[in-house]
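The basis for the numbers below is simple: all heavy atoms, side chains too, and nothing from hydrogens, waters or symmetry mates. In what follows, chains carry the letters A, B, and so on, assigned in the order in which the sequence lines appear, proteins first and then strands, with residues in each chain numbered from 1.
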There are 2 protein chains.
Amino acid sequence: MTPAGYPVPEMSEVQLVDILRAVADPIRLEIVRVLADGEPHSKHEDDWGFDVHKSTLSHHFKALREGGVTLTTVSGRTHVIQLRRRELDKKFPGLIDALVTEEPS
Amino acid sequence: MTPAGYPVPEMSEVQLVDILRAVADPIRLEIVRVLADGEPHSKHEDDWGFDVHKSTLSHHFKALREGGVTLTTVSGRTHVIQLRRRELDKKFPGLIDALVTEEPS
DNA sequence: GCTATTGTTTGACAGGCATCAAACAATAAA
DNA sequence: TTTATTGTTTGATGCCTGTCAAACAATAGC
(Lines give C-alpha, C1' and ligand atoms only; values in the text may rest on other atoms or scores of the structure.)
Protein backbone atom coordinates (compact mmCIF):
# COMPACT_ATOMS: atom_id res chain seq x y z
CA MET A 1 0.00 0.00 0.00
CA THR A 2 1.37 3.35 -1.00
CA PRO A 3 0.64 6.06 1.53
CA ALA A 4 -2.44 8.16 0.88
CA GLY A 5 -1.91 11.61 -0.55
CA TYR A 6 -3.13 14.24 -2.93
CA PRO A 7 -2.77 14.23 -6.68
CA VAL A 8 0.32 15.94 -8.03
CA PRO A 9 1.23 16.73 -11.62
CA GLU A 10 3.81 14.53 -13.21
CA MET A 11 7.11 16.30 -13.32
CA SER A 12 7.26 15.81 -17.06
CA GLU A 13 4.22 18.07 -17.40
CA VAL A 14 5.55 20.74 -15.09
CA GLN A 15 6.92 23.83 -16.79
CA LEU A 16 9.52 26.11 -15.28
CA VAL A 17 7.04 28.96 -15.29
CA ASP A 18 4.65 26.89 -13.17
CA ILE A 19 7.31 26.47 -10.52
CA LEU A 20 8.11 30.16 -10.68
CA ARG A 21 4.50 31.19 -10.26
CA ALA A 22 4.18 28.82 -7.33
CA VAL A 23 7.22 30.26 -5.65
CA ALA A 24 6.71 33.95 -6.44
CA ASP A 25 4.95 34.65 -3.17
CA PRO A 26 6.64 35.52 0.13
CA ILE A 27 4.84 32.88 2.16
CA ARG A 28 5.25 30.10 -0.37
CA LEU A 29 8.90 30.94 -0.91
CA GLU A 30 9.48 30.73 2.82
CA ILE A 31 7.69 27.39 2.95
CA VAL A 32 9.99 26.06 0.25
CA ARG A 33 13.04 27.31 2.12
CA VAL A 34 11.93 25.48 5.24
CA LEU A 35 11.15 22.31 3.29
CA ALA A 36 14.60 22.47 1.77
CA ASP A 37 16.00 20.83 4.89
CA GLY A 38 14.84 17.62 3.27
CA GLU A 39 12.57 16.64 6.14
CA PRO A 40 8.82 16.17 5.95
CA HIS A 41 6.93 18.91 7.77
CA SER A 42 3.46 19.01 9.23
CA LYS A 43 1.02 21.48 7.75
CA HIS A 44 -0.07 22.49 11.20
CA GLU A 45 -0.45 26.23 11.48
CA ASP A 46 1.59 26.62 14.65
CA ASP A 47 4.58 24.92 13.05
CA TRP A 48 4.90 27.77 10.57
CA GLY A 49 4.08 30.96 12.42
CA PHE A 50 2.74 32.89 9.47
CA ASP A 51 0.29 35.63 10.30
CA VAL A 52 -2.48 34.35 8.05
CA HIS A 53 -5.65 32.39 8.53
CA LYS A 54 -5.33 28.61 8.38
CA SER A 55 -7.49 28.49 5.25
CA THR A 56 -5.04 30.85 3.58
CA LEU A 57 -2.18 28.58 4.53
CA SER A 58 -4.10 25.64 3.11
CA HIS A 59 -4.50 27.61 -0.12
CA HIS A 60 -0.73 28.14 -0.32
CA PHE A 61 -0.04 24.46 0.27
CA LYS A 62 -2.40 23.65 -2.53
CA ALA A 63 -0.70 26.12 -4.87
CA LEU A 64 2.68 24.53 -4.16
CA ARG A 65 1.35 21.04 -4.70
CA GLU A 66 -0.48 21.86 -7.92
CA GLY A 67 2.52 23.78 -9.16
CA GLY A 68 4.57 20.61 -8.86
CA VAL A 69 6.72 21.78 -5.98
CA THR A 70 5.54 19.64 -3.11
CA LEU A 71 4.04 16.30 -2.22
CA THR A 72 1.53 15.64 0.54
CA THR A 73 1.21 12.50 2.56
CA VAL A 74 -1.83 11.97 4.72
CA SER A 75 -1.65 9.72 7.73
CA GLY A 76 -4.51 9.92 10.15
CA ARG A 77 -5.38 13.48 10.94
CA THR A 78 -2.04 14.94 10.09
CA HIS A 79 -0.88 16.00 6.67
CA VAL A 80 2.80 15.92 5.94
CA ILE A 81 4.37 17.97 3.19
CA GLN A 82 7.72 17.53 1.48
CA LEU A 83 9.66 19.11 -1.32
CA ARG A 84 9.92 17.02 -4.51
CA ARG A 85 13.61 17.70 -4.30
CA ARG A 86 15.10 14.92 -6.36
CA GLU A 87 12.66 15.39 -9.24
CA LEU A 88 13.01 19.16 -9.16
CA ASP A 89 16.79 19.02 -9.11
CA LYS A 90 16.77 16.71 -12.07
CA LYS A 91 14.37 18.73 -14.17
CA PHE A 92 15.42 22.21 -13.08
CA PRO A 93 19.07 21.94 -12.07
CA GLY A 94 20.20 24.57 -9.59
CA LEU A 95 16.80 26.19 -9.20
CA ILE A 96 15.95 25.08 -5.68
CA ASP A 97 19.51 25.77 -4.60
CA ALA A 98 19.18 29.30 -5.93
CA LEU A 99 15.88 29.80 -4.13
CA VAL A 100 17.28 28.62 -0.84
CA THR A 101 20.71 30.22 -0.96
CA GLU A 102 20.97 33.09 1.47
CA GLU A 103 21.39 36.29 -0.49
CA PRO A 104 24.56 38.31 0.04
CA SER A 105 23.97 41.84 1.34
CA MET B 1 27.77 61.79 -19.50
CA THR B 2 26.18 58.52 -18.58
CA PRO B 3 23.77 57.23 -21.19
CA ALA B 4 20.13 58.13 -20.63
CA GLY B 5 17.89 55.42 -19.27
CA TYR B 6 15.03 54.58 -16.95
CA PRO B 7 15.21 54.38 -13.18
CA VAL B 8 15.94 50.94 -11.78
CA PRO B 9 15.86 49.78 -8.18
CA GLU B 10 19.22 49.37 -6.49
CA MET B 11 20.11 45.73 -6.31
CA SER B 12 20.48 46.01 -2.55
CA GLU B 13 16.75 46.74 -2.33
CA VAL B 14 15.72 43.93 -4.64
CA GLN B 15 14.30 40.86 -2.92
CA LEU B 16 14.38 37.40 -4.39
CA VAL B 17 10.61 37.32 -4.47
CA ASP B 18 10.60 40.46 -6.63
CA ILE B 19 12.76 38.73 -9.20
CA LEU B 20 10.55 35.67 -9.06
CA ARG B 21 7.38 37.67 -9.61
CA ALA B 22 9.02 39.45 -12.52
CA VAL B 23 10.01 36.20 -14.14
CA ALA B 24 6.90 34.13 -13.38
CA ASP B 25 5.29 34.91 -16.72
CA PRO B 26 5.85 33.04 -19.98
CA ILE B 27 6.67 36.12 -22.04
CA ARG B 28 8.92 37.71 -19.47
CA LEU B 29 10.74 34.44 -18.85
CA GLU B 30 11.38 34.10 -22.56
CA ILE B 31 12.68 37.67 -22.69
CA VAL B 32 15.14 36.89 -19.92
CA ARG B 33 16.29 33.78 -21.72
CA VAL B 34 16.99 35.79 -24.84
CA LEU B 35 18.77 38.51 -22.89
CA ALA B 36 20.93 35.88 -21.27
CA ASP B 37 23.17 35.90 -24.33
CA GLY B 38 24.73 38.94 -22.71
CA GLU B 39 24.01 41.23 -25.62
CA PRO B 40 21.84 44.34 -25.53
CA HIS B 41 18.59 43.89 -27.42
CA SER B 42 16.22 46.36 -28.97
CA LYS B 43 12.72 46.53 -27.60
CA HIS B 44 11.34 46.62 -31.10
CA GLU B 45 8.30 44.39 -31.43
CA ASP B 46 9.48 42.58 -34.55
CA ASP B 47 12.69 41.53 -32.85
CA TRP B 48 10.73 39.41 -30.39
CA GLY B 49 7.87 37.86 -32.30
CA PHE B 50 5.45 37.59 -29.41
CA ASP B 51 1.80 37.56 -30.33
CA VAL B 52 0.82 40.49 -28.15
CA HIS B 53 0.19 44.15 -28.69
CA LYS B 54 3.20 46.44 -28.47
CA SER B 55 1.76 48.15 -25.41
CA THR B 56 1.59 44.78 -23.71
CA LEU B 57 5.21 44.18 -24.54
CA SER B 58 6.08 47.58 -23.13
CA HIS B 59 4.26 46.60 -19.95
CA HIS B 60 6.39 43.45 -19.66
CA PHE B 61 9.60 45.39 -20.18
CA LYS B 62 8.53 47.72 -17.43
CA ALA B 63 7.79 44.83 -15.08
CA LEU B 64 11.24 43.40 -15.68
CA ARG B 65 12.95 46.73 -15.13
CA GLU B 66 11.01 47.57 -11.97
CA GLY B 67 11.58 44.07 -10.68
CA GLY B 68 15.31 44.67 -10.88
CA VAL B 69 15.97 42.26 -13.71
CA THR B 70 16.84 44.54 -16.58
CA LEU B 71 18.33 47.87 -17.50
CA THR B 72 17.21 50.14 -20.31
CA THR B 73 19.40 52.49 -22.28
CA VAL B 74 17.82 55.07 -24.52
CA SER B 75 19.68 56.41 -27.50
CA GLY B 76 17.68 58.35 -29.99
CA ARG B 77 14.47 56.63 -30.84
CA THR B 78 15.61 53.17 -29.93
CA HIS B 79 15.49 51.64 -26.51
CA VAL B 80 17.99 48.97 -25.68
CA ILE B 81 17.44 46.46 -22.90
CA GLN B 82 19.97 44.30 -21.10
CA LEU B 83 20.03 41.82 -18.28
CA ARG B 84 21.65 43.05 -15.06
CA ARG B 85 23.63 39.88 -15.16
CA ARG B 86 26.66 40.66 -13.03
CA GLU B 87 24.59 42.18 -10.23
CA LEU B 88 22.03 39.39 -10.34
CA ASP B 89 24.67 36.68 -10.29
CA LYS B 90 26.30 38.29 -7.31
CA LYS B 91 23.14 38.73 -5.30
CA PHE B 92 21.28 35.59 -6.41
CA PRO B 93 23.96 33.06 -7.32
CA GLY B 94 22.82 30.45 -9.79
CA LEU B 95 19.35 31.86 -10.28
CA ILE B 96 19.71 33.20 -13.80
CA ASP B 97 21.59 30.09 -14.82
CA ALA B 98 18.72 27.98 -13.53
CA LEU B 99 16.19 30.07 -15.41
CA VAL B 100 18.10 29.81 -18.65
CA THR B 101 19.19 26.19 -18.47
CA GLU B 102 17.31 24.05 -20.93
CA GLU B 103 15.15 21.62 -19.01
CA PRO B 104 15.78 17.91 -19.49
CA SER B 105 12.82 16.01 -20.89
C1' DG C 1 7.96 72.14 -40.81
C1' DC C 2 5.58 67.47 -41.98
C1' DT C 3 5.72 62.57 -41.56
C1' DA C 4 7.22 58.14 -40.13
C1' DT C 5 9.35 55.45 -36.48
C1' DT C 6 9.79 53.72 -31.93
C1' DG C 7 8.20 53.28 -28.07
C1' DT C 8 5.29 54.79 -23.40
C1' DT C 9 1.03 55.90 -20.96
C1' DT C 10 -3.69 55.76 -19.85
C1' DG C 11 -8.22 53.71 -19.71
C1' DA C 12 -11.12 49.81 -19.86
C1' DC C 13 -11.97 45.05 -19.15
C1' DA C 14 -11.78 40.25 -17.71
C1' DG C 15 -9.62 36.92 -15.04
C1' DG C 16 -6.75 35.50 -11.31
C1' DC C 17 -5.22 35.71 -6.59
C1' DA C 18 -4.46 36.43 -1.46
C1' DT C 19 -7.19 36.87 2.29
C1' DC C 20 -10.77 35.90 5.86
C1' DA C 21 -14.78 33.65 7.75
C1' DA C 22 -17.76 30.02 8.09
C1' DA C 23 -19.04 25.53 7.02
C1' DC C 24 -17.61 20.98 6.20
C1' DA C 25 -14.91 16.40 6.68
C1' DA C 26 -12.20 12.93 8.72
C1' DT C 27 -9.84 11.01 12.43
C1' DA C 28 -8.52 10.58 17.29
C1' DA C 29 -9.53 10.82 22.11
C1' DA C 30 -12.51 10.98 26.01
C1' DT D 1 -20.98 8.50 21.16
C1' DT D 2 -19.70 12.99 22.01
C1' DT D 3 -15.92 16.20 21.59
C1' DA D 4 -11.56 17.97 20.04
C1' DT D 5 -8.04 18.14 16.47
C1' DT D 6 -6.36 18.91 11.94
C1' DG D 7 -7.02 20.32 8.10
C1' DT D 8 -9.99 21.40 3.32
C1' DT D 9 -13.62 23.75 0.75
C1' DT D 10 -16.61 27.27 -0.46
C1' DG D 11 -18.19 31.93 -0.78
C1' DA D 12 -17.16 36.90 -0.58
C1' DT D 13 -14.17 40.76 -1.11
C1' DG D 14 -10.65 43.73 -2.76
C1' DC D 15 -6.55 44.04 -5.20
C1' DC D 16 -3.39 43.00 -8.77
C1' DT D 17 -2.32 41.76 -13.52
C1' DG D 18 -2.29 40.71 -18.61
C1' DT D 19 -4.38 42.34 -22.55
C1' DC D 20 -5.94 45.60 -26.20
C1' DA D 21 -6.90 50.09 -28.11
C1' DA D 22 -6.17 54.74 -28.48
C1' DA D 23 -3.73 58.70 -27.37
C1' DC D 24 0.56 60.69 -26.45
C1' DA D 25 5.78 61.72 -26.78
C1' DA D 26 10.27 62.02 -28.68
C1' DT D 27 13.37 61.52 -32.35
C1' DA D 28 14.84 60.92 -37.21
C1' DG D 29 14.31 61.81 -42.04
C1' DC D 30 12.27 64.07 -45.88
Side-chain angles (χ1 to χ4, degrees), chain A residues 1 3-9 15 17-32 34-35 40-82, chain B residues 1 3-9 15 17-32 34-35 40-82:
Chain A
M1 285 221 313
Y6 283 84
V8 292
Q15 315 266 104
V17 74
D18 299 324
I19 305 285
L20 294 175
R21 273 198 310 110
V23 152
D25 173 275
I27 289 186
R28 293 199 293 266
L29 180 58
E30 180 59 27
I31 291 173
V32 168
V34 169
L35 293 181
H41 285 256
S42 162
K43 286 182 180 171
H44 196 269
E45 225 187 338
D46 304 339
D47 295 359
W48 296 93
F50 295 119
D51 196 22
V52 292
H53 198 273
K54 64 174 183 169
S55 59
T56 301
L57 200 51
S58 182
H59 159 73
H60 286 307
F61 288 137
K62 186 178 187 180
L64 286 172
R65 173 169 43 82
E66 292 182 341
V69 179
T70 58
L71 193 125
T72 298
T73 310
V74 177
S75 71
R77 270 186 311 197
T78 67
H79 294 204
V80 159
I81 189 177
Q82 334 179 34
Chain B
M1 285 224 314
Y6 283 84
V8 292
Q15 314 269 105
V17 74
D18 300 323
I19 305 287
L20 294 175
R21 274 198 309 112
V23 153
D25 173 275
I27 290 186
R28 294 200 293 266
L29 180 58
E30 180 58 26
I31 292 173
V32 168
V34 169
L35 294 181
H41 286 255
S42 162
K43 287 182 180 171
H44 195 269
E45 225 186 338
D46 304 338
D47 296 358
W48 295 93
F50 295 118
D51 196 22
V52 292
H53 198 274
K54 64 174 182 167
S55 59
T56 302
L57 199 51
S58 183
H59 159 73
H60 286 308
F61 287 138
K62 186 178 185 180
L64 286 172
R65 174 169 42 81
E66 293 182 340
V69 179
T70 59
L71 193 123
T72 297
T73 310
V74 177
S75 70
R77 270 186 311 196
T78 67
H79 294 205
V80 159
I81 189 176
Q82 331 179 37

Non-hydrogen side-chain atoms of [X] and [Y] separated by less than 4.5 Å:
X       : Y       : value
B/Arg28 : B/Val23 : no
B/His41 : B/Leu35 : yes
B/Ile19 : B/Val69 : yes

Inset, instruction - Compare every heavy atom of B/Val52 with every heavy atom of B/Leu57, then report the nearest pair and how far apart it is. - result: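 Looks like N-CG2, 4.4 Å.
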Legend entry - Minimum-distance pair of heavy atoms, taken over all atoms of A/Ala22 and A/Gly67: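 It is CB-CA, 4.4 Å.
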OP1, OP2 of [N] versus side-chain N and O of [X]: anything below 4.0 Å?
X       : N      : result
A/His79 : D/dT8  : yes
B/His44 : C/dT6  : yes
A/His53 : C/dT19 : no
B/Lys43 : C/dT8  : yes
B/Ser42 : C/dG7  : yes

Legend entry - Separation of atom CZ in B/Phe61 from atom P in C/dT9, rounded to whole Å: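 From B/Phe61 CZ to C/dT9 P: 13 Å.
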Anything under 3.5 Å between a protein N or O and an N or O of nucleotides 12-17 of chain D, put it in a table, one pair a line.
residue : atom : partner : partner atom : Å
D/dT17  : OP1  : B/Arg21 : NH1          : 3.0

Inset, instruction - Find which nucleotide of DNA chain D each of B/Ile27 and A/Thr56 is nearest to by heavy atoms, and output the residue with the more 5' nucleotide. - result: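 Counting from the 5' end, the first nearest nucleotide belongs to A/Thr56.
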Inset, instruction - Kindly confirm or rule out a cation-pi arrangement of A/Lys54 over A/Phe61, judged by NZ or CZ under 6.0 Å from the six-membered ring centre and within 45° of its axis? - result: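 Geometry flag: not set, cation outside 6.0 Å or 45°.
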Legend entry - Nearest-nucleotide comparison on DNA chain C, the residue closer to the 5′ end among B/Asp46 and B/Arg65: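 Looking at the nearest nucleotide for each, B/Asp46 comes out on the 5' side.
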Inset, instruction - Go through the N and O atoms of the side chain of A/Ser55 and the base of C/dA21, and report whether any donor-acceptor pair is under 3.5 Å. - result: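 Check passes, donor-acceptor contact within cut-off.
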Legend entry - Among C/dA21, C/dT19, C/dT8, the nucleotide that comes nearest once only the side chain of B/Tyr6 is considered: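 Closest of the options to the side chain of B/Tyr6: C/dT8.
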Show me the protein contacts with nucleotides 23-27 of chain D, counting only N or O atoms at under 3.5 Å.
none

Legend entry - Ring-ring centroid check B/Phe50 B/His60, cutoff 6.0 Å: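 That pair fails the under 6.0 Å test.
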Inset, instruction - Scan A/Ser58 against the nucleic acid and name what it touches under 4.0 Å (heavy atoms): base, sugar-phosphate only, or nothing. - result: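 Counting heavy atoms under 4.0 Å across all strands, the contact made by A/Ser58 includes a base.
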